[in-house]
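Residue numbers start at 1 and run along the sequence shown. Fair warning: this is a prediction, and the values are worked out from it, not measured in the lab.
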Amino acid sequence: MKVIKAVLFWLASLTWGLPMTLVGIVCAIALLITGHRPHRFHYFVYFEVGTGWGGFEAGCFFFCNKHASLHIKQHESGHGLQNIMLGVLMPFIVSIPSCIRYWHREILVRSGKKKYSDLPDYDAAWFEGWATKLGSKFFK
């Protein structure tokens with residue numbers, strides 16, 4: 001059953017979820033060229049880069065900081081499940097809004113206008129909370 005789920009996940013990622021998976025393939029190739037090693041987390045291939053920044057999902061790939069917590073890996077994997085559910089709509093419904101939201105929060109904190117503790121919880125945005133719930137439920 002585990003193999004069937006993995007095959008279905010990759011099939012969905014390479015068809016319905018192809019736009020984000022193509023982004024992941026390009027990023028993965030760039031990281032392989034620069035000497036980064038791929039790792040596996042359940043059905044996903046992921047790369048660790050830098051420190052202290054979290055992660056981002058790109059189809060069946062995700063990219064995170066070195067020594068990322070289980071929570072970050074689960075959250076990014078949750079976005080991967082969103083990708084196979086939302087498919088070609090994923091960039092517009094989740095990925096782009098998530099990126100804008102992340103950088104808006106970072107700019108507020110780095111400019112000194114806010115502290116992280118002053119901002120709403122990261123999972124307060126529906127797409128982030130959904131990713132965390134999916135990842136926590138399916139990838140322990």
With a 4.5 Å cut-off on side-chain heavy atoms, are [Y] and [X] touching?
X	Y	result
Asn65	Glu48	no
Gln74	Leu70	yes
Lys66	Val49	no
Tyr122	His75	yes
Val94	Asn83	no

Closest contact, heavy atoms only, [X] versus [Y]:
X	Y	answer
Arg101	Ala125	NE-CB, 3.4 Å
Ile72	Cys64	CG2-CB, 4.1 Å
Thr34	His36	OG1-ND1, 2.9 Å
Pro38	Val45	CB-CG1, 3.8 Å
Lys73	Ala68	CE-O, 3.6 Å
Pro91	Pro19	CG-CB, 4.4 Å

Within the 3.5 Å criterion, strictly below it, is a donor on [X] or [Y] matched to an acceptor on the partner's side chain?
X	Y	answer
His79	Glu76	no
Glu128	Ser98	yes
Thr132	Asp123	yes
Tyr43	Lys5	no
His71	Ser69	no

Let's go through Leu108 and Asp118 carefully: what are the C-alpha distance in whole Å and the side-chain angles of both, what is the deciding distance for side chain to side chain contact (heavy atoms under 4.5 Å, CB included) to 0.1 Å, and is it a yes or a no? CA-CA 10 Å; Leu108 287 174; Asp118 297 335; over 6 Å; no

How many angstroms lie between [atom1] in [X] and [atom2] in [Y], if you round to the nearest 0.5 Å?
X	Y	atom1	atom2	result
Cys60	Phe44	SG	CZ	8.0 Å
Ile84	Trp16	CD1	CH2	12.0 Å
Met90	Phe127	CE	CZ	10.0 Å
Leu81	Lys137	CG	NZ	10.5 Å
Met85	Ile93	CE	CD1	12.5 Å
Phe62	Phe47	CZ	CZ	11.0 Å

List the steps and the verdict of side chain to side chain contact (heavy atoms under 4.5 Å, CB included) for Lys115 and Val109. CA-CA 5 Å; Lys115 295 179 185 170; Val109 170; 5.9 Å; no

Same cluster or not: are [X] and [Y] linked, directly or through other Ile, Leu, Val, Met, Phe, Trp or Tyr residues, by side-chain heavy atoms under 4.5 angstrom apart?
X	Y	answer
Val23	Phe92	no
Leu89	Leu22	yes
Val3	Phe9	no
Leu14	Ile29	yes
Trp10	Leu86	yes

So with a 6.0 Å cut-off around NE2 of His104, is the heavy-atom count from everything else above 12?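 No, NE2 of His104 has 12 or fewer neighbouring heavy atoms, counting only those of other groups under 6.0 Å.
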
Parallel, tilted or perpendicular: rings of His42 and Phe139 (30°, 60°): tilted

Angle between ring planes, Phe63 versus Phe61, binned at 30° and 60°: parallel, tilted or perpendicular? parallel

Flag the pair Phe56 / Tyr102 as yes when their ring centroid distance falls below 6.0 Å, and as no otherwise.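 Phe56 vs Tyr102: aromatic centres not under 6.0 Å.
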
Decide yes or no on side chain to side chain donor-acceptor pair (under 3.5 Å) for Tyr46 and Glu57, but give the supporting numbers first. CA-CA 9 Å; Tyr46 75 95; Glu57 172 274 340; over 6 Å; no

